[in-house]
Amino acid sequence: MTHIVRPYGDTLNDGAVQLSFTLPVPVGPRGREAARLFMEKLGFRHAEIVHAQALSEGFSFYVAYGRTEVSVDYDEIHIEEATGEKVYSMNEACEAIREKLGRKVVIVGACTGFDAHTVGIDAIMNMKGYNHHYGLERYQEVEAHNLGAQVPNEKLIDYALKVGADAILVSQIVTQKDVHVQNMTEFIELLQARGLRERFIVCAGGSRISNKLAVELGFDAGFGQGTYAEHVATFIIDRLAERQGRA
Amino acid sequence: MTHIVRPYGDTLNDGAVQLSFTLPVPVGPRGREAARLFMEKLGFRHAEIVHAQALSEGFSFYVAYGRTEVSVDYDEIHIEEATGEKVYSMNEACEAIREKLGRKVVIVGACTGFDAHTVGIDAIMNMKGYNHHYGLERYQEVEAHNLGAQVPNEKLIDYALKVGADAILVSQIVTQKDVHVQNMTEFIELLQARGLRERFIVCAGGSRISNKLAVELGFDAGFGQGTYAEHVATFIIDRLAERQGRA
Amino acid sequence: MEPKLGLPPERIARARKLAEQIVSPVQRFIDAHTTVTVERATLRLAGVDGADADGVPVPNLVVDQLKDRLEEGALKYYVNALVRTGEDVQGLNRRIAEGFRVDNLPMGDPEALEARAKQLVGAFAARVKGNRSHREAKLAKYHDRNHKPLLYVIVATGNIHEDVKQAKAAAEQGADVVAVIRTTAQSLLDYVPYGATTEGFGGTYATQENFRIMRAALDEVVDKQQRYIYLTNYASGLCMPEIAAMGALERLDMMLNDSMYGILFRDINMYRTFVDQKFSRMINAFAGVIINTGEDNYLTTSDAVEKAYTVLASQFLNERFATIAGLAPWQMGLGHAFEMDPTIPNGFLRELAQAQMAREIFPEAPLKYMPPTKFMTGDIFRGHVQDALFNFVSQMTGQGIHLLGMLTEAIHTPFMQDRFLALENAKYVMNNMADLGEEIAFKPGGRIVQRAHQVLEETVQFLESIEAVGLMDAIEQGLFADIKRPRDMGKGLDGLRPKAAGYWNPFEQYLTRELGL
Amino acid sequence: MEPKLGLPPERIARARKLAEQIVSPVQRFIDAHTTVTVERATLRLAGVDGADADGVPVPNLVVDQLKDRLEEGALKYYVNALVRTGEDVQGLNRRIAEGFRVDNLPMGDPEALEARAKQLVGAFAARVKGNRSHREAKLAKYHDRNHKPLLYVIVATGNIHEDVKQAKAAAEQGADVVAVIRTTAQSLLDYVPYGATTEGFGGTYATQENFRIMRAALDEVVDKQQRYIYLTNYASGLCMPEIAAMGALERLDMMLNDSMYGILFRDINMYRTFVDQKFSRMINAFAGVIINTGEDNYLTTSDAVEKAYTVLASQFLNERFATIAGLAPWQMGLGHAFEMDPTIPNGFLRELAQAQMAREIFPEAPLKYMPPTKFMTGDIFRGHVQDALFNFVSQMTGQGIHLLGMLTEAIHTPFMQDRFLALENAKYVMNNMADLGEEIAFKPGGRIVQRAHQVLEETVQFLESIEAVGLMDAIEQGLFADIKRPRDMGKGLDGLRPKAAGYWNPFEQYLTRELGL
Ligand code: B12
Ligand code: B12
Ligand SMILES: Cc1ncc(COP(=O)(O)O)c(C=O)c1O
Ligand SMILES: Cc1ncc(COP(=O)(O)O)c(C=O)c1O
């Protein structure tokens with residue numbers, strides 16, 4: 001089965017899309033035409049530059065609407081999220097730990113590298129949690145260690161070993177020039193170099209992190225916007241249970 | 001020479017573009033991935049869905065940023081505007097008419113078909129003009145007839161013949177379902193059927209009209225946003241003078 | 001809301017009095033005339049519906065048969081045909097569509113006609129009262145679930161089935177009112193098309209079937225969202241009363257319905273419009289429909305700073321025309337708009353002054369406040385902020401019906417996402433500064449207060465100049481919106497008829513009685 | 001601006017008094033200490049600059065040589081070396097970069113040192129006073145061309161040459177202030193990198209050469225646009241005074257420069273920060289630089305409704321620390337922010353109350369007002385409207401320095417077009433409602449007035465609790481932003497030194513004298 005999907009403005013399959021962008025050319029009819037041609041090259045058959053604005057002598061800004069025949073086959077879309085439909089509530093998570101693992105789960109987390117955006121990792125780990133979802137510190141069957149901001153990868157791993165962690169949580173918010181990719185890659189390489197990659201479940205998170213990206217970089221899972229402690233707990237518990245053959 | 005131009009976010013050639021669009025699928029990870037794939041298919045190598053929002057059960061809205069290598073060659077951009085750099089002021093226009101034509105120029109204009117958006121044609125024709133640019137009625141050497149709203153093409157042509165017009169101005173603002181294209185095409189066909197196409201200089205205008213479109217549809221010129229009476233006057237005078245061999 | 005502007009009550013009273021004096025001679029003209037569409041509307045109220053093979057609606061077939069005899073009232077011939085043929089309404093409609101003539105049957109016993117008419121009026125009254133109570137019950141049930149002001153969006157795809165998708169999505173996103181914009185050409189048609197339609201430009205045909213389809217679709221959302229969704233259309237153009245009739249029957253909740261819009265903006269003959277608006281408003285009054293007037297349109301051609309008084313003057317006239325057509329103040333969605341050039345320093349203060357002024361002068365009317373349109377450009381980002389300031393003023397001054405500005409106003413009729421963004425904008429702004437109006441007083445004698453006083457004063461003077469020449473002459477002279485409309489020109493004049501002495505219209509009689517006119 | 005909130009003057013005075021009492025013991029500590037960066041800053045003021053082959057800056061080379069003798073003041077050794085070698089500053093810098101040591105030369109005649117130092121101080125004073133008068137002349141020449149509030153944008157590409165393009169474009173579009181954001185890692189470096197840089201993450205290195213490049217670029221626009229463009233950077237982190245020194249030399253106009261930000265948000269040792277902030281502020285005071293404090297940062301981790309009083313308390317403390325460092329009120333860009341959850345009903349009223357409160361409590365300070373950041377999302381359209389309301393409050397309450405909110409706040413550091421849209425938004429809103437503040441009074445005892453009174457009262461109580469334990473203990477206990485910072489932990493503690501009895505710092509002396517401290 002195929003299920004062709006195109007953007008929708010006001011009529012099915014009209015392929016309507018709004019764009020805005022800046023070109024390094026002066027404003028004027030020629031810039032406008034350059035903008036229109038650019039749209040055509042992107043595959044818009046019907047391209048309208050509805051606004052053109054000088055930003056400085058050599059730069060101009062365009063707002064555009066286009067219609068395209070480009071489409072995706074919705075039936076072929078393959079997504080893999082860290083957690084499925086079923087997510088444990090806090091109580092269910094503790095219940096599952098007692099039942100499947102029979103011991104506390106130790107989780108260490110930090111905002112690594114030079115990243116100081118702790119609000120995200122705090123949202124997952126701190127007692128108080130986020131949006132009325134308690135953080136891991138409040139989970140009776142979890143021992144949670146939040147190391148805070150700007151923790152070097154090496155130090156995080158040392159600490160995880162010291163407290164006998166089951167899982168390590170890495171938060172990365174700054175993504176400019178792909179600094180998060182560098183930092184996450186370094187983390188995994190360090191673990192591998194020390195022969196510890198299989199020792200821990202490792203999860204990454206952040207507003208621009210997807211499960212896909214994290215897995216590509218060698219993590220067990222990745223979590224983006226809208227994550228709550230429940231999601232991470234669910235993933236860790238199920239993965240631990242799986243390892244113990246008790247999924 | 002080639003002069004490759006790509007969108008600019010904060011670094012030359014980063015190819016950064018903002019998009020927003022609606023897909024006829026429910027919100028969720030699968031919708032988000034569909035949106036991302038759509039961006040990839042449009043030629044964005046780096047595609048981020050920064051916002052996803054349910055619009056109703058079966059529709060979802062996405063805000064996205066992407067980076068593309070698609071570019072245009074600025075040096076090859078060919079534009080053809082109805083008027084060039086030099087546009088006559090009102091006084092220069094009247095001077096030119098006296099000098100090159102030696103008689104008043106008669107111009108008839110209307111908002112044709114079912115279109116009732118007279119503000120645009122009024123801006124060009126009425127005494128008062130627009131944005132401190134007087135309209136054609138104020139030009140001493142122009143005899144201007146503004147027929148107003150919702151004028152059938154047939155009636156406009158009859159009137160132009162009656163007053164011995166040099167030029168006919170057609171305004172078209174409503175463009176939904178390309179109704180302006182239909183209407184403009186009908187106008188040209190009517191002129192041709194009556195053997196009058198060469199009798200008049202015919203110009204079209206409107207916020208979504210470009211010179212390119214108008215010329216494609218058989219007009220002498222087209223005028224879009226930001227047009228003033230001066231532009232139209234310049235075009236008409238030069239074209240009339242050309243025909244008389246006095247350009 | 002307590003008054004903030006210290007407007008002089010005697011000047012407001014003076015303006016009202018002038019409006020009364022201006023309208024009164026026009027009213028005398030109206031009472032003496034009928035039109036083809038008033039007659040067709042009467043037939044529609046009686047149940048006349050359907051179309052012949054060429055798509056000509058049955059109400060038009062009847063009226064066309066009658067020619068000059070229309071002056072007696074078309075219903076007489078139709079009811080006579082019912083009595084004569086013994087058909088029920090559906091049966092007779094079908095026969096007329098097939099060519100049956102009602103104009104050449106011998107006229108029956110007046111009492112029999114009266115009796116049959118009474119049944120028809122009864123059926124109509126029951127249906128429309130049913131609609132009213134349905135609406136009232138839902139409004140009571142979900143009473144505090146609507147926004148204040150009501151958030152009003154338009155759909156305008158041209159295709160009723162696409163419109164339904166868009167309307168339902170908007171309602172789920174929080175819209176309170178959905179208006180189906182009509183196709184560009186419809187206001188100049190002297191008939192109402194029949195059936196579901198899928199082809200329109202810049203809007204969708206107003207047909208009774210389209211009304212029904214959209215009403216049913218929105219009713220689904222009403223119960224799901226626990227919020228009544230008002231359906232709106234246009235009782236405007238050459239078929240004002242017919243559309244009002246269809247709306248009453250299909251439970252529309254609001255109608256664009258201005259006393260002069262057609263004259264000025266559609267070049268419809270003034271006699272025709274004056275007569276049509278009266279009957280359409282009586283129907284709306286009875287059906288509990290809220291009308292929306294079109295003062296915002298003045299500002300699309302005139303400057304909003306200079307010509308603010310034309311808006312207020314027109315509101316007074318619309319109010320007067322509405323009152324004598326039986327509309328209660330809560331049904332008067334008098335129009336005004338946020339249409340000043342956004343580059344004007346302190347333009348916001350004037351908009352605020354005027355919105356507050358309208359609120360204080362018409363305290364019971366659910367004012368219909370229109371968003372920026374003329375100064376919207378292709379810069380959708382700036383446009384979205386213009387709309388935000390508009391939302392702000394509307395909430396701060398307690399407007400009743402809030403038309404949502406679209407960031408794409410200068411580009412296309414709204415996409416589904418545009419409407420969402422507009423709703424999101426309004427909901428955010430209005431919730432975030434919900435009670436600001438209550439918390440704030442204006443400096444006495446300051447810019448805001450002065451502006452309102454000035455506009456009121458200009459309005460009184462303007463109304464005085466109209467009163468001096470009479471409304472019809474004033475329109476001929478271009479006193480409104482700089483548009484001159486000679487009284488004997490314009491579309492639809494040929495559809496005007498003097499009422500004959502024996503003019504018979506039991507629906508009009510019934511409405512007159514019910515509305516206490 | 002006339003007061004609107006009726007805030008009790010005695011409670012404001014009480015808060016000021018508490019701040020004085022809280023700061024006073026800290027000040028005693030500060031007076032007795034120096035730090036590696038205070039010493040390096042002093043060297044920089046004297047003209048020490050350059051770096052060795054490994055990129056280690058010359059000021060660091062000098063300080064590193066001295067170890068414990070730093071307690072006497074690094075300048076002593078440097079001036080001694082100048083005297084001994086007979087080199088000029090450039091020559092000596094070059095030699096130090098090549099390995100020359102200043103720590104093992106015999107100490108010369110104190111008078112000769114004083115005399116040489118006097119020349120250095122004189123050269124420094126002349127240069128900085130020249131910068132000040134250049135700035136003042138341009139501001140006078142183009143006096144009413146800046147916006148009110150000043151429109152402040154950031155550039156943060158990581159590459160100084162891209163930054164220049166972005167900054168110039170912004171200035172042409174109307175920005176009054178351009179801040180070059182520093183790279184993520186710089187505040188934790190205990191040195192200032194050298195030269196032009198093109199690699200940074202989320203910002204561009206603060207180097208003296210980068211300052212110079214940007215200053216020159218903006219100066220071009222100043223004359224073209226006939227509007228002075230303020231250049232801003234960060235005298236914050238482990239090198240506060242050094243960056244202040246560089247800024248003074250290169251004519252920066254504003255500096256982020258908070259008395260506690262580094263402690264709380266960068267985990268810098270508290271002793272270190274307190275000492276560093278003092279010297280950096282003296283330099284800023286002398287250079288006529290406007291500082292920007294970082295109270296907005298509290299609200300990125302704490303709730304803006306609940307913890308509003310921490311912002312006001314910190315403003316009082318920053319004011320006090322600033323005063324005793326010689327800053328005049330017009331130089332105190334005290335920070336606050338529009339950071340409430342946008343879904344709060346009437347949140348706007350509270351923001352308005354708080355902005356007005358800050359304005360009334362610090363009437364002479366050019367308050368630095370920060371835009372929504374925490375509740376910005378990927379929905380750039382809603383974000384743009386949040387920014388519009390922020391712009392509105394800022395204009396209405398007469399803020400001094402207005403940081404522009406970016407619609408893409410949740411996504412990336414600003415693109416060129418984002419900055420344009422932000423400027424367009426602010427210019428439109430602020431022009432359109434320019435004088436609204438003057439036109440409006442708040443209802444006595446209403447929501448707005450109450451909110452301001454409540455925050456002030458909570459602030460007084462909070463300051464009382466700090467006063468009771470002392471500032472350093474309060475920070476240890478996490479009273480600010482729920483962040484606990486033990487006094488013996490945190491970065492940079494090893495750079496702290498007690499001043500020796502013979503501590504010699506003619507620059508400090510000069511500044512103390514000039515500033516009348
Ligand atoms: C608050 C904030 C700050 C605060 C941080 C305070 C603190 N203690 O955290 C301060 C003011 C210190 C700050 C500083 C800077 N910031 Co900042 N900041 C923000 C801001 C406004 C909000 C971030 C936030 O708190 N979001 C709320 C939390 C709850 O969301 P979240 O982080 O996404 O977390 C959720 C999920 O992602 C997930 N999650 C996150 N981590 C993890 C980890 C795991 C394991 C899991 C399972 C889940 C998970 O769960 C959370 C809950 O759902 C954003 C803009 C924005 N609106 O997003 C900019 C932003 C992130 N900052 C930015 C920048 C550039 C900086 C600076 C580098 C600027 C500078 N040069 O000075 C500095 C450097 C700081 C540093 N060294 O890292 C940029 C990043 C651009 C980019 N894409 O690279 C942003 C996007 C702003 C911008 N447009 O420029 N910032
Ligand atoms: C004012 C207005 C109206 C007024 C018109 C009053 C009047 N007498 O003109 C009223 C309220 C009547 C109206 C009604 C409708 N409108 Co209207 N209207 C607008 C609005 C807000 C402004 C247009 C305007 O006046 N612009 C100012 C003038 C000066 O600009 P301009 O027309 O582009 O003209 C300039 C140039 O284009 C050029 N030019 C124009 N014509 C010509 C001709 C020549 C020969 C030359 C040389 C140059 C030239 O020169 C002018 C000066 O620079 C626009 C939205 C917007 N902000 O653009 C919607 C808009 C044009 N309307 C629209 C629609 C759909 C309608 C309706 C069909 C809605 C309905 N179903 O009821 C009706 C139907 C009217 C009809 N039969 O045509 C749509 C069109 C969508 C589309 N792309 O097809 C718009 C874009 C709004 C929207 N987003 O839905 N409208
Ligand atoms: C009162 C009124 N009627 C009708 C319309 C719609 O116009 P049309 O006549 O094209 O349906 C408007 C448009 O805004 C209006 O204000
Ligand atoms: C006072 C102050 N200093 C410095 C900074 C910048 O942080 P960093 O230390 O990362 O340069 C901020 C950030 O907002 C601030 O408010």
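Because the structure is a prediction, the values reported are computed rather than measured. Protein chains get the first letters and strands the later ones, always in sequence-line order, with residue 1 at the start of each.
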Taking side chain as everything from C-beta outward and backbone as N, CA, C, O, which of these in C:Ala156 sits under 4.5 Å from a heavy atom of chain B? Side chain, backbone, both or neither. backbone
So, do B:Gln182 and C:Phe201 sit near enough that their side-chain heavy atoms are less than 4.5 Å apart? yes
Quick check on B:Ala149 against chain C: is it the side chain, the backbone, both or neither that has a heavy atom closer than 4.5 Å? neither
Can you tell me if CD on C:Gln477 sees more than 12 non-hydrogen neighbours from other groups inside 6.0 Å? yes
Are there more than 12 heavy atoms of other residues, nucleotides or ligands under 6.0 Å from atom CD of B:Gln140? no
When rounded to the nearest 0.5 Å, the distance separating OG1 of C:Thr300 from NE2 of B:His117 is 8.5 Å
Would you compute the distance between atom CZ of B:Phe59 and atom NZ of C:Lys168 and round it to the nearest 0.5 angstrom? 11.0 Å
Within a 6.0 Å radius of atom NE2 on C:His161, are there more than 12 heavy atoms belonging to other residues, nucleotides or ligands? yes
Is C:Thr183 in contact with chain B via its backbone, its side chain, both, or neither, using a 4.5 Å heavy-atom distance? neither
From the list B:Asp122, B:Val174, B:Val179, B:Ile173, the residue making the most non-hydrogen contacts under 4.5 Å with chain C is B:Val179
Minimal non-hydrogen separation, C:Thr413 against B:Gln176, with atom names: OG1-NE2, 2.6 Å
Taking the side chain as C-beta and beyond, is there a heavy-atom pair between B:Val119 and C:Thr301 under 4.5 Å? yes
Would C:Lys165 and B:Glu57 pass as an ion pair if we require N to O under 4.0 Å? no
Are the side chains of B:Gln150 and C:Lys491 in contact, using a 4.5 Å heavy-atom criterion? yes
In terms of heavy-atom proximity below 4.5 Å to chain B, should C:Ala410 be classed as side chain, backbone, both, or neither? backbone
Residue pair C:Thr157 / B:Lys177: nearest heavy atoms and the distance that separates them: O-NZ, 2.7 Å
Taking the side chain as every heavy atom from C-beta outward, state whether C:Phe420 and B:Phe61 have any atom pair closer than 4.5 Å. yes
Does any heavy atom of chain B fall under 4.5 Å from the side chain of C:Leu188, the backbone, both, or neither of them? side chain
Distance-only donor-acceptor hits, side chain of residues 15-30 of chain B, under 3.5 Å, sequence neighbours excluded:
| from | atom 1 | to | atom 2 | distance (Å) |
| --- | --- | --- | --- | --- |
| B:Gln18 | OE1 | A:Gln18 | NE2 | 3.0 |
| B:Gln18 | OE1 | A:Ser20 | N | 3.4 |
| B:Gln18 | OE1 | A:Ser20 | OG | 2.6 |
| B:Gln18 | NE2 | A:Gln18 | OE1 | 3.0 |
| B:Ser20 | OG | A:Gln18 | OE1 | 2.6 |
| B:Ser20 | OG | C:Gln417 | NE2 | 3.1 |
| B:Thr22 | OG1 | C:Gln417 | OE1 | 2.7 |
| B:Arg30 | NH2 | A:Tyr74 | O | 3.0 |

